Amino acid sequence: MPLVPMRQILDEAKKKGYGVGAYNVNNMEQIQAIMQAARETKSPVILQASKGALEYTSMVYIKHLMLAAMEENPDIPLAMHLDHGPNFDLCKKSIELGFTSVMIDGSIDYAVKDDKGKHPPRSFEDNIKVTKEVVDYAHKFGVSVEGELGTLGGIEDETVASKVQLTDPDQCQEFIEKTGVDALAIAIGTSHGAYKFKTEPKLAMDLISDIHKRVPYAALVMHGSSSVPAELVDRVNRFGGQLAKTMGVPVESIQEAVKRGVTKINVDTDGRLACTGAVRQYLAENPKEFDQRKYLGATRVAIYEVIKSRMISFGTAGHAGDYAPMSLDDMKKIYASK
Ligand code: G3H
Ligand code: 13P
Ligand code: ZN
């Protein structure tokens, strides 16, 4: 099966009311772990690379690792997605590289820094402008586009809008209609990274329902969706780590979000925690070992376990064979006919 447009994976998930995880990847072990989980649970999957991941892998390595994932797993619908594309140029480069989907993070102006070194948020109008530019380009190649309305903490806390700005439901319909995006990231109170909440998480669940009611056709995306399980944090700390006490988004809240209309669920931090805990434990227990395949192999097992559990909880499991995959050419024709 060739790489499929993310649009198809999300459309199919929306039809049946389940969520699809989009998992951030940076290296081979992570990709192998996620694909093993997808294979065993028969789940469609979105592998996503951030700007940082593209830099870390000189772009070409991540491309070939994703292609290897596709080649090894012909029965799994797999989309290759740029996460938090900061500008048109990186979206264009990613499309040239073979990504079947890109996110343009138009809510923040990454090109500008104020005197405190922070990036300002973009106005609604400017967000529409940069997002539409990417959509017009990407759709010519059949590539899907995710846009964002509102801001999250974490990677976006280098911005003036470091306080989370929840999505304004009044803006969603206009944004989607004027830009033509395939997926819309909404801010409902989550943030990126391990330190999301100190106490019980409070998410704007009603906001999801409100947005879904206004734009029922839109695939809504929930960023900052790691659950930061205590056992993963504890494992890191038991073997020399120093992570502070923290809470993420409970899996039950994600399930509730899916029921209310979220389709794409972004998870990075849980994989990082699983990976770090496994390395720390392995090296602590095997101080004489210096074969990296041993401790990197242990990371693969740990990541596989957490992602497999997410695929089951999000409802993705069992849906890999539900539909015939579309090609970018098929999508190109659909976009051209609109
Ligand atoms: O949302 C951001 C992801 O967690 C990617 O993080 O920029 O450190 O690769 P990164
Ligand atoms: P987490 O940091 O919660 O895993 O969020 C990842 C994310 O939103 C990637 O875009
Ligand atoms: Zn994100």
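Whatever order the structure lists them in is the order used to number ligands and atoms, beginning at 1. These numbers were taken from a predicted model, which means no experiment stands behind them. All heavy atoms count here, side chains included; hydrogens, waters and symmetry mates do not. Residue numbers count from 1 along this sequence.
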Nearest non-hydrogen protein atom to atom 8 (O) of ligand 2, with distance, is G224 N, 2.8 Å
Among N, O or S atoms, H223 approaches the Zn ion (ligand 3) most closely through ND1
Would you please say whether a donor-acceptor pair under 3.5 Å links the side chains of E146 and H223?
-> yes
At under 4.0 Å between heavy atoms, what of N24 touches ligand 2? The answer is side chain
Looking only at side chains, do N24 and N266 share a donor and an acceptor under 3.5 Å apart?
-> no
Ligand-residue contact atoms, ligand 1 with H84, heavy atoms, under 4.0 Å = 1 (O), 2 (C)
Just by distance, with hydrogens left out, do H319 and E12 show a side-chain donor and acceptor under 3.5 Å apart?
-> no
Against heavy atoms of D268, which atoms of ligand 2 measure under 4.0 Å?
-> 1 (P), 4 (O), 6 (C)
With a 3.5 Å cut-off and no angle check, do the side chains of Y110 and N87 form a donor-acceptor pair?
-> no
Here the atoms of ligand 2 under 4.0 Å from any heavy atom belonging to V267 are 4 (O)
Scan side-chain atoms only and decide if E177 and Q173 contain a donor-acceptor pair under the 3.5 Å cut-off.
-> yes
Should you measure from each heavy atom of H84, which atoms of ligand 2 turn up under 4.0 Å away?
-> 10 (O)
If we ignore angles and hydrogens, is there a donor and acceptor under 3.5 Å between the side chains of R122 and N127?
-> no
Stepwise ring-ring contact (aromatic ring centres under 6.0 Å, His included) check, F88 with Y137 | CA-CA 9 Å; F88 177 83; Y137 182 81; 5.4 Å; yes
May I ask you to list the atoms of ligand 1 that are less than 4.0 angstrom from any heavy atom of H192?
-> 1 (O), 2 (C)
Indicate whether the side chain of D206 and that of S209 have a donor and an acceptor atom separated by less than 3.5 Å.
-> no
Exercise: do D182 and Y335 side chains pair donor with acceptor under 3.5 Å | yes
Numbered in order shown, the ligand 2 atoms found under 4.0 Å of a heavy atom of H223 are 8 (O), 10 (O)
Quick one: look at N26 and ligand 1, take heavy-atom pairs under 4.0 Å, and tell me if it's side chain, backbone, both or neither.
-> neither
Pick one of side chain, backbone, both or neither for how H223 approaches ligand 1, counting any non-hydrogen atom pair under 4.0 Å.
-> neither
Counting only heavy atoms, which portion of N24 has something under 4.0 Å from ligand 1: side chain, backbone, both, or neither?
-> side chain
Where's the contact between S225 and ligand 2, heavy-atom distance under 4.0 Å: side chain, backbone, both or neither?
-> backbone
Side chains of E148 and S107: do they bring a donor and an acceptor to under 3.5 Å?
-> yes
Can you list the ligand 1 atoms lying under 4.0 Å from a non-hydrogen atom of D268?
-> 3 (C), 4 (O), 5 (C), 6 (O)
For ligand 2, which atoms have a heavy atom of N266 less than 4.0 angstrom away?
-> 5 (O), 6 (C), 7 (C), 8 (O), 9 (C), 10 (O)
Name whichever N, O or S atom of H84 ends up nearest to the Zn ion (ligand 3).
-> NE2
Determine, for D322 against K15, whether the closest basic-nitrogen to carboxylate-oxygen distance falls under 4.0 angstrom.
-> no
Please work out which of H192, K196, M222 has its closest non-hydrogen atom nearest to atom 3 (O) of ligand 2.
-> K196
Do E40 and Y304 meet the criterion of a side-chain donor-acceptor pair at a distance under 3.5 Å?
-> yes
Answer with yes or no whether Q48 contacts ligand 1, where contact means a heavy atom under 4.0 Å from a ligand atom.
-> no
Considering only the protein, which heavy-atom contact is closest to atom 2 (O) of ligand 2, and what is its distance?
-> T269 OG1, 2.6 Å
re atom 9 (C) of ligand 2, the protein heavy-atom contact at minimum distance is D83 OD2, 3.1 Å
In terms of atom number and element, which parts of ligand 1 are under 4.0 angstrom from non-hydrogen atoms of D83?
-> 1 (O), 2 (C), 3 (C)
May I ask you to check whether H119 and D114 show a side-chain donor-acceptor distance below 3.5 Å?
-> no
